[in-house]
Amino acid sequence: MNSPAIDLLHVLEKWDNGKDFIPLHEPVFNGNEEAYVSNCIQSGWVSSVGSYVDLFEKKIAEYVNAKHAIVTVNGTSALHICLVALDIDHRHEVLLPSLTFVATANAIAYSGAMPHFCDSSEKDLGICSTKLDAYLSEISIMNDKGQCINKNTQKHIKAIIPMHCLGHPTDMESLSSVCQKYNIEIIEDAAESLGSKIGNAHTGTFGRLGAISFNGNKIITTGGGGAVVTDDAILAKNIKHLTTTAKTSKEGFFHHDQIGYNYRMPNLNAALGCAQIEKIEDRIAQKRLIAEQYLREISGIDGLNFIPEPEGTRSNYWLCSARFNHYEDLKEALECTNKNKIMTRPLWNLLHTLPMYAHCPSSNLDNAQKLVRSVISLPSTINLTMKNEA
Ligand SMILES: *Cc1c(COP(=O)(O)O)cnc(C)c1O
């Protein structure tokens, strides 16, 4: 009998993308990309001002059903500007999963606040709100201003950044009720989950602010780019101001009324984004077909389980993933697939183990540790077809 790793390799060998290497995820341009980008070049408006920027913001807001969207140079800057806009700084701690991409913690560090790590759920791979509630009740007290104070550090735990892992929505309902209890603001890291929904509501629209990424490896791309989405008009206006170097005009001269950031997405990138977002629902439909095929193929493998979307949600299945029963099998699978030019990858090394975040406070992280030693992400580009079905 084969090991589950070899069985998985045989499943992955059925994929065809017309090339001899199957990447984990690559950008696909099958719409108006060239037309919009060349239009942009011909117009001369390639930089920080232009009609595609406004149009792309409008399209994102419409798509996720948020009142406002502000586009930025990348997802990390989108997260950072959310923290700045909520006045988060060195006086504060910000909760986040240890199991996320490093950018989530970096954005907190840029703001001056202290990252504070919490555990994940084995079901949806996002923050486990039950464990979070128990943890906060143990380590924090509410002060007379209604602020949640970490008893060990005396710092105000002001916000949390849940992350919708690999496209699967985190349970925002439970998380929101815990956050309400402790008066903690929610900024969603929806970098990976554009198009994912809980019921009819898009990820990114449950917190005060949500951040999206359009990096080259995400479900749609602008080359590099990000966006903040929110229903709060005042925050939206402030974020637009902050991302455009806080520019005002005073008696006709350039004026800046605070330390701003040059975080605005260039028009050239927005042109690409306008073309990409036109096809996002087609993409998600194709992703879901790939997920179905994985579910079917992997269900026959002992010791390996596909990770389906959480109940009551629609995942964008950005990176289809599966879970081994044994760490040894994960290691074998990573080795034999990549050696055979089929790219797979494990989750991220937990952030509290990285040198610059090793000193940060954290809860018990048992679930996250188990997930890192069992989950494998699989090729998930929409150009994949199964050889025997072509
Ligand atoms: C991609 C990603 C980001 C950052 O996005 P960039 O556009 O690469 O800066 C942040 N958080 C998560 C979870 C991501 O996957």
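Both ligands and their constituent atoms are indexed starting at 1 by order of listing.
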Would you call the rings of Phe306 and Tyr294 parallel, tilted or perpendicular, where under 30° means parallel and over 60° means perpendicular? parallel

If you count heavy atoms of other groups shown closer than 6.0 angstrom to CG of Asn200, is the number above 12? no

Side chains of Tyr263 and Asn74: do they bring a donor and an acceptor to under 3.5 Å? no

Taking Lys131 as the fixed residue, which of Asp366, Asn367, Asn364 is the one that meets the side-chain hydrogen bond (donor to acceptor under 3.5 Å, both in side chains) rule? Asn364

List, pair by pair, the atoms of ligand 1 and of the protein that are both N or O and lie under 3.5 Å apart, giving the separation rounded to 0.1 Å.
residue	atom	partner	partner atom	Å
ligand 1	5 (O)	Ser213	OG	3.2
ligand 1	7 (O)	Gly75	N	2.7
ligand 1	7 (O)	Ser213	OG	2.7
ligand 1	9 (O)	Gly75	N	3.3
ligand 1	9 (O)	Thr76	N	2.9
ligand 1	9 (O)	Thr76	OG1	2.5
ligand 1	11 (N)	Asp189	OD1	3.4
ligand 1	11 (N)	Asp189	OD2	2.8
ligand 1	15 (O)	Glu192	OE2	2.5
ligand 1	15 (O)	Lys218	NZ	3.2

Indicate the ring-plane relationship of His168 and Tyr317, choosing parallel, tilted or perpendicular according to the 30° and 60° boundaries. perpendicular

Do other residues, nucleotides or ligands put more than 12 heavy atoms under 6.0 Å from Trp15 CH2? yes

